[in-house]
Participant: 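First the structure, which I've put down as structure tokens, then a few questions once you've had a look.
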Amino acid sequence: MKKIIISLMMAAVTAAALTGCKEAGDIEDSSYVLAMGIEKTENGYLIDYSCADFSKAQDNQGTKVPSKSVVYSGRSFNETNQSFEQTQPKKLNFGHLKVIVFTNGQIDDTMIEELLDHSEIAKSVLILKSKKQLKELFSIEKDLPVSFGEYMAKGIESSPKVKKPKDLSLGRIYGRK
């Protein structure tokens, strides 16, 4: 009897291990956001989602995947994300986000709070500020051999002007780790 119970338990554990995560889904079902640009407007925000563009990636590129931007507007981060997901076939995935750039030279505290509260956005994401407008800042993306997020992160990490790049992270700047 013990052997039967042990065999059944082992079969149940093996079956559970082989089924995987129910919520996971395929890699093709997600838009991997590698960088974001956020611009405050009169009616809310413009958000540029710079997502991995696997259609341009070559087999031998390894982790060097180019990116492609799409811009949405909304009164909040959550509303803008919902607009994206209602019109795009893929779900937003912020697990590979490297950098967030606030444009027009201003960082918005309300948006920062939303970013801090979002469960998928790591506190290690770099927060930058640019005097440029969103469209101008992301215009170089189409000519980059790597993603805009990778380009910006490497630029910060290799800049002699930035002593500690980690000090520019969301968690360090705004006191949450």
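This is a predicted model, so every value here is computed, not measured. Excluded from the calculations below are hydrogen atoms, water molecules and symmetry mates; all remaining heavy atoms, backbone and side chain alike, are included.
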Participant: Please report the C-alpha distance between Phe77 and Tyr45 in whole Å, then the side-chain angles of each, then the deciding distance to 0.1 Å, and finally whether the side chain to side chain contact (heavy atoms under 4.5 Å, CB included) criterion is met.
Facilitator: CA-CA 8 Å; Phe77 183 58; Tyr45 303 94; over 6 Å; no

Participant: State the CG-CG distance between Leu170 and Leu116, to the nearest 0.5 angstrom.
Facilitator: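 If I round to the nearest 0.5 Å, the distance is 4.5 Å.
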
Participant: Going by salt bridge (charged side-chain N to carboxylate O under 4.0 Å, His left out), name the pairs with one or both residues in residues 70-86, residues two or more places apart or in two chains.
Facilitator: Arg75-Glu79

Participant: Can you measure from CG (Leu115) to CD (Glu120) and round to the nearest 0.5 angstrom?
Facilitator: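 Reported to 0.5 Å precision, the distance equals 12.5 Å.
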
Participant: Taking side-chain hydrogen bond (donor to acceptor under 3.5 Å, both in side chains) as the cut-off, I'd like each qualifying pair that reaches into residues 131-146, sequence neighbours left out, listed once.
Facilitator: Ser50-Glu141, Ser67-Glu141, Ser69-Glu141

Participant: For Val71, give me all partners under side-chain contact (heavy atoms from CB on, under 4.5 Å), at least two apart in sequence or on another chain.
Facilitator: Leu46, Asp48, Leu134

Participant: Using side-chain hydrogen bond (donor to acceptor under 3.5 Å, both in side chains) as the criterion, list what pairs up with Asp109, not counting sequence neighbours.
Facilitator: none

Participant: Among residues at least two apart in sequence or on other chains, which ones pass side-chain hydrogen bond (donor to acceptor under 3.5 Å, both in side chains) with Thr87?
Facilitator: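 Expected list: Tyr72.
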
Participant: Under the rule for side-chain contact (heavy atoms from CB on, under 4.5 Å), what residues qualify as partners of Ser159, not counting sequence neighbours?
Facilitator: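 Per chain and number, Ser159 pairs via side-chain contact (heavy atoms from CB on, under 4.5 Å) with Lys161, Val162.
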
Participant: Suppose clustering is done on Ile, Leu, Val, Met, Phe, Trp and Tyr with side-chain heavy atoms closer than 4.5 Å. Which residues sit in the same group as Leu34?
Facilitator: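 Taking Ile, Leu, Val, Met, Phe, Trp and Tyr as members, Leu34 stands alone, with no cluster partners.
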
Participant: In terms of hydrophobic clustering (I, L, V, M, F, W, Y; side-chain heavy atoms under 4.5 Å; direct or indirect links), are Ile156 and Ile140 co-clustered?
Facilitator: yes

Participant: Let me confirm one number: the CG-CE distance from Leu137 to Met152, rounded to the nearest 0.5 Å.
Facilitator: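 Reported value, rounded in 0.5 Å steps: 5.5 Å.
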
Participant: Mind checking the OG-NZ spacing from Ser147 to Lys154? Nearest 0.5 Å is all I need.
Facilitator: 10.0 Å

Participant: Which side-chain N or O atoms in residues 91-107 pair as donor and acceptor under 3.5 Å with protein atoms at least two apart or in another chain?
Facilitator:
residue : atom : partner : partner atom : Å
Asn93   : OD1  : Gly95   : N            : 2.8
Thr103  : OG1  : Ile38   : O            : 3.4
Thr103  : OG1  : Glu39   : OE1          : 3.0

Participant: State which residues pass side-chain contact (heavy atoms from CB on, under 4.5 Å) with Ser124; sequence neighbours excluded, sorted by chain then number.
Facilitator: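 Only Ala122 meet the side-chain contact (heavy atoms from CB on, under 4.5 Å) criterion with Ser124.
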
Participant: For Lys68, look at atom NZ and say whether over 12 heavy atoms of other residues, nucleotides or ligands are found less than 6.0 Å away.
Facilitator: no

Participant: In Å, rounded to the nearest 0.5 Å, how long is the span from CG of Leu126 to CZ of Arg172?
Facilitator: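 Rounded to the nearest 0.5 Å, the CG-CZ separation comes to 11.0 Å.
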
Participant: According to side-chain hydrogen bond (donor to acceptor under 3.5 Å, both in side chains), who are the partners of Asn78, at least two apart in sequence or on a separate chain?
Facilitator: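 Scan of Asn78 (side-chain hydrogen bond (donor to acceptor under 3.5 Å, both in side chains), adjacent residues dropped) gives none.
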
Participant: Quick check: do Val65 and Val146 have side-chain heavy atoms less than 4.5 Å from each other?
Facilitator: no

Participant: I'd like to know if Met111 and Tyr174 are part of one continuous hydrophobic network [Ile/Leu/Val/Met/Phe/Trp/Tyr, side-chain heavy atoms within less than 4.5 Å].
Facilitator: yes

Participant: Give me each pair satisfying ring-ring contact (aromatic ring centres under 6.0 Å, His included) with a member in residues 140-163, each pair once, sequence neighbours excluded.
Facilitator: Phe138-Phe148

Participant: What's the separation between atom OG1 in Thr80 and atom CD1 in Ile47, rounded to the nearest 0.5 Å?
Facilitator: 4.0 Å

